[in-house]
Amino acid sequence: MQVFKAMTRVMRKRLLSAMIYIIVFLVISVFIANVSNKDNKFELTKLRICVFDEDDTPESRALTEFIGKSNDLVELENDRDTMIDALYYMQVNYVLTINKGYAEKIAAGDTADLFGSYHIDESYSVVYMGQFLDEYTTSVKAYLAMGRTMDEAVAATEESLSQETQVDMLRVDKAGNSHFSVDFSMYFQYMPYVLVSAVMIVICQVLVTMSRKDIRFRTNCSCLRDSEYTFQLFFGSGLFVLGVWLLLMIVGAVINEEMYSGRAWLAVFNSLIFSVVVAAIAVFVSSFEPKDNVLNLITQILGLGMSFLCGVFIPTSMLSGSVLSAARFMPAYWYIKANNMIADIQPYSFEGVMKCYGVQLLFVAALVLLTLLVRRVKYSGAAIGTSVKKAAVS
Amino acid sequence: MSNTVVKIKDLVKRYGDLIALDHFSLEIEQGEIFGLLGPNGSGKTTTINCLLSLLSFDKGDIEIFGKKMTPVSYDIKKEIGIIMQNVAVFEELTVYENIDYFCGLYITDKAKRRACVEEAIKFVGLEDFRRFYPKKLSGGLLRRLNIACGIAHKPKLIILDEPTVAVDPQSRNRILEGIQQLNRDGATVIYTSHYMEEVEQICTRIAIMDKGRKVAEGTKDELKRMIKNTETITIEILELPEKVYGEISSLPHVYDTSHSDGKLSVYCSGGKHNLTRVLDVLQKNELGFGRVYTELPTLNDVFLEITGTALRDKED
C-alpha cells in the first residue's frame with residue numbers, strides 16, 4: 001500500500017485548507033441550529049405585566065400572586081402617560097387593573113367588568129392575558145357554584161391552571177406521520193458547498209501530485225501493477241471522502257440531537273451519494289493536472305456556482321425558471337431537490353427521491369467515463385510521443 | 001549462457017513523417033556501463049522510453065534479461081532502476097519517505113526495504129538530510145536524492161537519462177563516481193548524455209546516435225580508431241612562411257594543417273614522433289615559437305568525423 005501511504009502523507013499537508021471549510025461550515029451550522037431551536041421548539045415565555053390592585057382583598061392579592069408565578073411583575077407609576085410609554089418601549093407587555101369590587105363580584109358569580117387594562121392592540125400578550133383571566137375567573141366561578149368556599153375555589157383554580165402541557169414540535173407529512181426534527185433539513189441544505197470545497201481542495205491536489213509527469217513516469221517504470229496503483233488511489237480518495245462525510249454526520253448528530261429518525265435517513269443517504277459525486281468531480285478535474293491557483297479557481301467556481309444556481313444558498317422557490325432549467329445539468333440541483341422533498345419543502349414522494357438519487361449516480365457514471373477518456377488520451381503512447389516529438393523538434 | 005542484458009533489434013519509431021528511431025539495434029552485456037551519446041533529438045530518450053515500454057514502437061524487438069519487454073513485464077521491471085534528467089520526487093515527503101516510497105514500489109517486505117533505504121541514503125551521502133523536505137535541499141543534493149530513489153531497490157539494470165544536466169562540477173563528479181561504484185557492485189548501466197567527457201570518463205562501451213540511427217559503436221579506443229585523426233599538434237607561432245607551411249604539410253602521417261590566429265594546427269593520422277618531426281622543421285628554418293601541445297582525439301572528433309558536425313554545435 002505504498003501509494004496509499006504516500007497519498008495520506010501528501011493529504012496531511014493539504015488538510016488544513018479543507019478543515020477551514022469544514023470548521024466554518026460547522027460553526028455556521030451550530031449558529032443556525034441555535035437560531036432554529038428558538039424558532040421551532042416550544043418554550044413557555046413570561047410576559048412583563050404591571051398589576052394595579054384597586055380591590056386590595058385576599059382574592060385580588062391571590063390573583064396578583066398567581067399571575068406573578070408565571071410572569072414577571074413590573075411596578076409602574078399609576079399614571080396613564082407613564083403606562084403608555086412603558087408599553088410603547090416594551091418595558092411591559094400588559095398593564096392590568098383589578099377593579100374595585102372584584103372579590104364581591106366574583107363571589108356573586110358576576111364576571112363582568114372585573115378588570116381594566118392598557119395594552120397594544122392585536123399583540124399576543126392581549127390574547128394570552130385575555131384567555132388567562134377568562135379561564136381563571138370562569139374556573140373560580142365554577143368551583144364556587146360547586147359549593148366550594150372562595151379560598152378552596154381559588155386554590156383549586158390555581159392548581160388546575162398550573163399544570164403544564166408537554167409540547168414536542170414535529171414535522172408531519174400529509175398522512176400525519178412525523179419523520180424528523182425541523183432542524184435537520186437546514187443542516188443538509190448547505191452541505192454541498194462544504195463537500196465540494198473540502199473534498200476538491202484535498203483530493204484534486206493529492207491526485208495531481210501523485211500524477212505529476214515525472215513521478216508518474218517513475219511509477220510506470222516500477223513493477224507495481226497499474227490496477228493496483230489505480231486501486232490504491234481510489235481507496236485513498238474514497239476513504240478521505242467517507243471520512244469527511246462521516247465527520248459531518250457525527251457533528252450533525254451532536255448539533256441536532258434528534259437528527260437520525262424516520263425520513264432523515266433518506267437525507268443521510270442523499271448526502272452520501274452527493275459525496276460520491278463530489279469525489280468523481282475531483283478525480284475528473286485532477287485528470288487535467290491543473291496548477292494550484294487554477295485548481296482553487298475551479299473549486300470556487302464549482303462550489304459557489306452550484307450553490308447559487310442549484311438552491312443551496314438561495315431557496316429554489318426564489319430562483320427563476322431559466323436558472324432552474326440550467327441547474328438541472330448540475331448534480332447539486334438533484335441533491336437539493338431530494339433534500340427539499342425529504343423536508344417537505346417540495347411535495348414528498350419516495351419515487352421522486354429515488355429518481356434524484358439515480359440522476360446523481362448517473363452524474364457519477366458520466367464523470368468516471370470522462371475521466372477514463374481524458375486519462376487514456378493523456379497517458380497513451382501517442383501523448384508521450386507528442387511530448388517526445390516536441391522535445392526532438394526543439 | 002548469454003550475458004546479454006539488453007537486446008534491441010531493428011527498432012523503428014515514427015512520429016508521423018519524423019523518424020525518431022531508424023532501424024536501431026543494440027546489445028548490452030552484463031556488467032557494462034553503456035553510453036548512449038548523441039545530441040538533443042538524436043533519439044536517446046525515445047530509445048529509453050521504448051526500452052521501458054512507456055512508448056509503443058512501429059517495428060523491432062526489445063529483450064531485457066533474455067525476455068521480451070512489454071508494458072506488463074513486471075518481473076523484468078523489478079530488476080530495472082530509472083534515474084531521469086528531471087528530479088522526480090514528492091515535495092511533500094521527506095528524503096527518507098521519498099526513497100521509501102519508490103523503493104516500496106519494488107520491495108514490499110518492510111524490514112528488507114528499511115535496510116535498502118538506509119543503504120541508499122548512505123550510498124548517496126544523505127545521512128544528515130533524511131528528515132529534510134526536497135525544497136530544503138540544494139540542486140546537487142536533490143540529484144543525489146533522485147539517484148537514491150532510483151537505485152534503492154538494488155536493480156540489476158540501471159538506466160540514467162542525462163542525470164547530470166544543470167549540475168555543478170562537484171556534484172557531477174560525485175554522481176559519476178557513484179555510477180561507477182554501482183557498476184562495480186554488479187549493476188549494468190545504461191547512461192545517456194550529450195556530455196562527451198562524462199561518457200568518455202565512465203562508459204566501457206559507447207554507441208553514438210544521430211537522427212535516430214546508431215552511427216558508431218564500440219569502446220572509446222575502438223571509436224577513436226575508427227577515425228583518421230590520432231593526434232592534433234598545436235604550436236603558437238606568429239609568422240609562418242609559405243615554404244615552411246608546405247614542408248610541414250608534406251611530412252609523413254600529416255593529413256591536414258591550418259594556420260590562423262597565430263596558431264599552427266597539424267592533424268596526424270597514426271605514426272610515431274610526429275611532434276619531433278614538426279619541431280625539427282621549425283628549428284631547421286630558425287623560426288621561433290611559443291607553447292606547444294598535442295591532443296589525442298576526443299569523442300567529439302569521432303562524432304565530427306562520422307557525422308560531419310560537432311556534437312556541441314548540434315545541441316544549439
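Atoms considered below: every heavy atom in the structure, side chains included; atoms not considered: hydrogens, waters and symmetry mates. Chain letters run A, B, ... following the sequence lines, proteins first and then strands; every chain starts at 1. Computed from a predicted model, the values in this text were never measured in an experiment.
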Under 4.5 Å to a heavy atom of chain A? For B:Arg14 that would be neither

Per-residue tally against chain A (heavy atom, under 4.5 Å) across B:Ile159, B:Leu93, B:Ile76 peaks at B:Leu93

Note: vs chain A, highest number of non-hydrogen pairs under 4.5 angstrom among B:Ile80, B:Thr108, B:Val87, B:Val89 is B:Val89

Find out whether the Lys NZ or Arg CZ of B:Arg131 is both under 6.0 angstrom from the six-membered ring centre of B:Tyr96 and within 45° of the ring's axis. no

Cut-off 4.5 Å, heavy atoms of chain A, and the answer for B:Phe57 is neither

Applying a strict 4.5 Å limit to non-hydrogen atoms, the region of B:Ile83 in contact with chain A is both

Ranking B:Glu79, B:Glu97, B:His153 by heavy-atom pairs under 4.5 Å to chain A gives rank one to B:Glu97

Measure the shortest side-chain to side-chain distance between B:Asp75 and B:Lys67 over non-hydrogen atoms and say whether it is less than 4.5 angstrom. yes

Quiz prompt | Pair B:Glu91 + A:Lys13, salt bridge at N-O below 4.0 Å | solution = no

* Can you say whether the rings of A:Phe231 and A:Phe235 are parallel (under 30°), tilted (30 to 60°) or perpendicular (over 60°)? -> parallel

task = Classify the angle between the aromatic ring planes of B:Phe90 and B:Tyr101 as parallel (below 30°), tilted (30 to 60°) or perpendicular (above 60°).
result = perpendicular

Applying a strict 4.5 Å limit to non-hydrogen atoms, the region of B:Val72 in contact with chain A is neither

Heaviest contributor of heavy-atom pairs below 4.5 Å to chain B, chosen from A:Arg225, A:Glu228, A:Met1, is A:Arg225

For B:Lys154, is there an ion pair with B:Glu119 - N to carboxylate O distance below 4.0 angstrom?
yes

Less than 4.0 Å between a side-chain N and a carboxylate O, is that true for B:Arg130 and B:Glu118?
-> yes

Cut-off 4.5 Å, heavy atoms of chain A, and the answer for B:Leu52 is side chain

Turns out that what part of B:Cys149 lies under 4.5 Å from chain A's heavy atoms comes down to both

